[in-house]
Amino acid sequence: MTSTGRFTLPSEENFAEKTKELAELWGADAIRNSDGTHLDESVLALGKKIYSAYFPTRAHNEWITLHMDETPQVYLLTGRVLAEADIVDVPLMDGFFEEQLKPNRDADPHKYWEVVDRTTNEVVDASLWTLDEDTDTVHVSGATPMHEYTVSFLAYIIWDPVEMYNHLTNGWGDKEHEIPFDIYHPATRKFVFDTFEQWLKDNPQVDVVRFTTFFYQFTLLFDQKQREKVVDWFGCACTVSPAALDDFEKEYGYRLRPEDFVDGGAYNSAWRVPRKAQRDWIDFLSGFVRANVKKLADMSHEAGKEAMMFLGDQWIGTEPYKDGFEDLGLDAVVGSIGDGTTTRMIADIPGVKYTEGRFLPYFFPDTFYEGNDPSIEGLDNWRKARRAILRSPISRMGYGGYLSLAAKFPKFVDAVEHIADEFRDIHDRTGGVAAEGELNVAILNSWGKMRSWMAFTVAHALPNKQTYSYYGILESLSGMRVNVRFISFDDVLEHGVADDIDVIINGGPVDTAFTGGDVWKNPKLTETLRAWVRGGGAFVGVGEPSSLARFQAGRFFQLADVLGVDEERYQTLSVDKYFPAVTPEHFITADVHVDPAAREAWEKAGYRIPLSGCGGGQGIKPLGGIDFGEPIANTFPVNEDVTLLRADGGQVQLAVNEYGKGRGVYVSGLPYSAANARLLERILFWASHNEDKYTAYSSTNPECEVAVFPDAGQYCVINNTDRPQSTDVALPDGSVEHFDLDQSAIAWRNL
């Protein structure tokens with residue numbers, strides 16, 4: 001029987017009867033309008049809570065077409081042009097989508113733009129270049145032949161990027177493009193608040209204002225073929241204006257360069273080690289954004305409505321994990337659920353009354369088309385989210401898009417009915433309280449708390465060849481029986497390591513925000529972490545942890561002594577590296593399946609015999625069983641006391657090291673899989689000397705996980721696959737209970 005509540009249903013015009021039917025089937029207690037649609041009176045009359053998507057800075061072309069110098073702006077970087085003489089022409093818009101972006105010729109280019117000799121990285125004097133406005137070309141004189149030149153220029157954003165994506169995806173044809181506007185300009189700001197005030201009066205039926213979102217879009221730029229060109233879900237590139245730049249200079253005492261935004265073409269990706277200018281701009285921007293968000297929230301409350309923020313679209317500047325977010329007065333945050341990590345990104349947000357997840361698939365024609373089975377994605381998305389929900393509950397769930405599309409797929413309709421009932425059952429059983437965590441784990445990077453559950457990401461929950469080996473850390477942790485926090489290098493330098501932290505994880509490629517870059521030049525950081533580990537702490541490094549791009553003091557990993565592993569950077573090739581014998585049996589690898597034939601071949605090749613040389617390692621068939629992702633080449637043990645657990649192909653993939661009273665662990669990469677999540681879980685318990693706590697409520701099958709709820713007096717076992725699974729669960733009294741679970745199943749037992 002269908003339960004009811006905690007479910008938000010999207011609807012649209014001329015779909016009232018089917019909306020009523022699906023609302024009953026899925027137990028919806030709230031209905032919202034989809035992008036570009038309105039709810040019929042008969043839908044409003046169903047007696048459900050009404051959400052209304054509200055876009056503060058778009059969908060009013062009647063205003064912005066009269067004030068086109070008040071659209072949001074972005075610094076763009078042209079392609080590099082080779083000078084073959086002392087004059088070179090740089091076209092501005094080559095590679096950019098002219099329906100989205102238009103050069104700002106209104107503000108003085110010589111004040112706000114910049115021409116750079118990219119060969120020397122020197123700024124070209126403004127007297128040496130001119131703008132041809134008819135062709136949008138910059139003419140540079142006095143150029144040095146065989147040097148490359150770029151122009152960093154301000155451009156207006158003349159088509160809202162998200163509305164543009166929806167427009168192109170749904171084939172809206174000649175529908176008028178929605179032009180965004182920037183509230184940094186007083187006239188437009190007044191228009192936004194006056195318009196919202198009137199909207200509140202005109203929409204008494206709305207219970208929840210679902211701000212989608214506020215003022216500034218994350219960096220989302222398209223090329224001339226309408227393809228995504230620059231995507232950074234955390235990017236602040238689309239937030240500039242001459243007025244804001246001038247005000248920043250007055251407040252902070254220095255002027256930002258265009259280079260501070262284009263960043264040589266990196267556009268200040270969250271992977272870049274953050275610099276002072278970038279951090280200052282985030283502070284400046286978030287101060288402005290938050291002050292105006294609070295006004296919108298207050299206006300909503302005065303009108304008797306809740307204020308809900310969508311964590312997506314124009315979320316930049318809200319910074320939900322930055323101190324002070326709770327002061328904005330928002331009632332709720334809703335966000336798109338792509339996996340366990342994005343679930344936690346929403347669920348862990350402090351300072352709101354409740355959180356809501358918008359599950360996938362989105363009801364768009366790119367998924368809901370003849371011959372496809374959207375229920376496959378729907379159930380896969382639910383299994384990923386469910387792991388995280390057990391560890392950090394969200395209060396509500398829902399979907400987005402066009403209900404008329406989803407209704408055409410009966411199998412999907414049935415799948416959502418099952419998901420919604422199970423979601424409510426979890427909440428009813430646990431009272432919305434998180435499962436018990438056994439350990440306290442801290443992720444250490446440059447961003448710390450401000451980017452909680454946002455590390456190792458480029459675009460929201462989308463795979464990337466260069467990131468998946470690290471993103472798997474978060475995805476594994478999102479549903480693991482541990483408590484997770486995010487700390488920064490500044491936190492450690494200023495306050496040391498908190499007493500209640502059991503394990504610190506630092507991972508990522510060299511010279512990124514996630515490994516830290518030049519912060520490792522500060523001896524206080526290594527001193528603090530070494531002392532903490534020697535005193536009994538646990539440090540886990542993934543990829544190129546604690547790495548410093550410039551070879552320093554004979555080490556690449558600055559905590560190589562803790563990890564027991566370093567990486568050869570072609571500076572010490574004349575020094576032999578001796579690999580001790582690999583240890584095939586260990587607490588950490590106890591659950592790793594090893595093919596018997598591979599094990600036999602490995603043993604015959606003499607795995608117990610130390611191998612030596614400049615390559616070292618085990619040059620035989622890998623023992624197998626672990627996916628380490630993209631390889632980290634040339635890693636080696638720093639001495640023969642290190643315990644190697646995997647060392648295939650002449651480098652170390654997995655090693656453990658005793659360090660005083662503490663322990664270090666090195667892993668070359670950790671993509672998400674059930675087996676890798678189990679491997680990481682065992683790493684954390686071993687590294688923190690908590691092996692004795694591991695067995696109770698553990699599952700013998702890595703595809704199944706256990707969550708314990710002491711206050712509710714229950715525990716559950718979940719099957720995270722689309723196939724039946726069997727597992728044994730060890731109980732604290734030493735007994736074992738067997739479970740046979742259908743695909744995607746969850747089983748509950750009393751403690």
Side-chain angles (χ1 to χ4, degrees), residues 32-36 51-61 63-64 70-74 100-101 155-167 177-185 188-189 191-193 195-196 199 209-222 228 230-241 244 261 267-268 270 281-282 284-297 299-300 307-322 325 328 330 332-336 342 345-346 349 352 358 362 400 454 459-460:
R32 76 175 182 91
N33 62 309
S34 300
D35 186 8
Y51 291 26
S52 182
Y54 190 83
F55 307 91
T57 55
R58 71 182 232 214
H60 287 284
N61 283 5
W63 167 265
I64 195 60
E70 298 192 3
T71 69
Q73 296 175 55
V74 57
Q100 182 195 17
L101 302 161
Y156 293 117
I157 302 171
I158 57 174
W159 192 359
D160 180 88
V162 172
E163 198 269 342
M164 178 178 73
Y165 169 82
N166 292 343
H167 185 116
H177 298 177
E178 292 187 7
I179 305 168
F181 34 94
D182 183 0
I183 72 160
Y184 203 84
H185 306 281
T188 292
R189 184 160 65 248
F191 172 80
V192 165
F193 285 105
T195 302
F196 184 54
W199 183 90
V209 185
R210 184 188 185 273
F211 291 102
T212 314
T213 306
F214 292 108
F215 313 124
Y216 295 108
Q217 174 70 42
F218 61 83
T219 306
L220 182 56
L221 308 175
F222 289 76
E228 292 180 350
V230 182
V231 185
D232 181 3
W233 208 71
F234 313 97
C236 295
C238 301
T239 63
V240 297
S241 66
F261 293 91
Y267 289 92
N268 288 328
W281 182 258
I282 291 173
F284 173 80
L285 176 70
S286 61
F288 171 75
V289 167
R290 286 174 162 196
N292 287 283
V293 168
K294 185 170 185 351
K295 291 179 183 178
L296 292 177
M299 292 172 68
S300 302
M308 171 183 277
M309 165 187 160
F310 175 59
L311 186 59
D313 294 9
Q314 286 87 1
W315 77 277
I316 295 301
T318 61
E319 296 297 349
Y321 286 101
K322 205 173 190 299
F325 181 75
L328 302 189
L330 292 169
V333 173
V334 59
S336 177
T342 49
M345 187 191 304
I346 300 157
I349 290 174
V352 290
R358 191 192 71 189
Y362 204 67
M454 298 175 178
H460 191 276

Identify the two heavy atoms, one from [X] and one from [Y], that lie closest to each other, and give their separation to 0.1 Å.
X      : Y      : result
Ala53  : Asn33  : N-OD1, 2.9 Å
Trp281 : Thr239 : NE1-OG1, 2.9 Å
Val231 : Ala459 : CG1-CB, 3.9 Å
Glu163 : Glu178 : OE1-N, 3.4 Å
Phe211 : Ala307 : CE1-CB, 3.9 Å

Are [X] and [Y] side-chain neighbours, meaning at least one heavy-atom pair lies under 4.5 Å?
X      : Y      : answer
Ser286 : Lys322 : yes
Met454 : Met345 : yes
Phe214 : Asp313 : no
Phe222 : Gln100 : yes
Leu296 : Phe193 : yes
Gln73  : Ile157 : no
Asp182 : Thr188 : no
Thr57  : Ile183 : yes

Roughly how far apart are [X] [atom1] and [Y] [atom2], rounded to 0.5 Å?
X      : Y      : atom1 : atom2 : answer
Leu328 : Met309 : CG    : CE    : 8.5 Å
Cys238 : Leu221 : SG    : CG    : 5.0 Å
Trp159 : Ile179 : CH2   : CD1   : 11.0 Å
Arg358 : Ile346 : CZ    : CD1   : 9.0 Å
Ile64  : Ile158 : CD1   : CD1   : 11.5 Å
His185 : Glu70  : NE2   : CD    : 5.0 Å

Practice prompt. For a side chain to side chain donor-acceptor pair (under 3.5 Å) with Asp160, tell me which candidate from His167, His177, Gln314 qualifies.
Written response: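 Among His167, His177, Gln314, the one meeting side chain to side chain donor-acceptor pair (under 3.5 Å) with Asp160 is Gln314.
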Worksheet item: Of the options Tyr216, Tyr184, Phe215, which is the one that meets Leu285 in a side-chain contact (heavy atoms from CB on, under 4.5 Å)?
Response: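 Output: one option passes, namely Tyr216.
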Item to complete: Show your working on side-chain contact (heavy atoms from CB on, under 4.5 Å) between Lys295 and Arg290 and close with a plain yes or no.
Response: CA-CA 9 Å; Lys295 291 179 183 178; Arg290 286 174 162 196; over 6 Å; no
Practice prompt. Measure up the Trp199 and Phe196 rings against each other and bin them: parallel (under 30°), tilted (30 to 60°), perpendicular (over 60°).
Written response: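 Judged by the thresholds at 30° and 60°, the geometry between Trp199 and Phe196 is parallel.
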Worksheet item: So, do His60 and Phe191 have ring centers that fall under 6.0 Å from each other?
Response: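 When the ring centroids of His60 and Phe191 are compared, they turn out to be within the sub-6.0 Å range.
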Discussion item. Quick one, Trp315 with Phe218, criterion side-chain contact (heavy atoms from CB on, under 4.5 Å). Give me CA distance, side-chain angles, the key distance, then yes/no.
Written reply: CA-CA 7 Å; Trp315 77 277; Phe218 61 83; 4.1 Å; yes
Practice prompt. May I ask you to establish whether Arg210 and Phe310 are in a cation-pi arrangement, using a distance under 6.0 Å from NZ or CZ to the six-membered ring centre and at most 45° from the ring axis?
Written response: yes
Item to complete: Walk me through it: do Phe261 and Val240 pass the test side-chain contact (heavy atoms from CB on, under 4.5 Å)?
Response: CA-CA 9 Å; Phe261 293 91; Val240 297; 3.2 Å; yes
Worksheet item: Between Val74 and Leu101, does a side-chain contact (heavy atoms from CB on, under 4.5 Å) hold up when you go through it step by step?
Response: CA-CA 9 Å; Val74 57; Leu101 302 161; 3.9 Å; yes
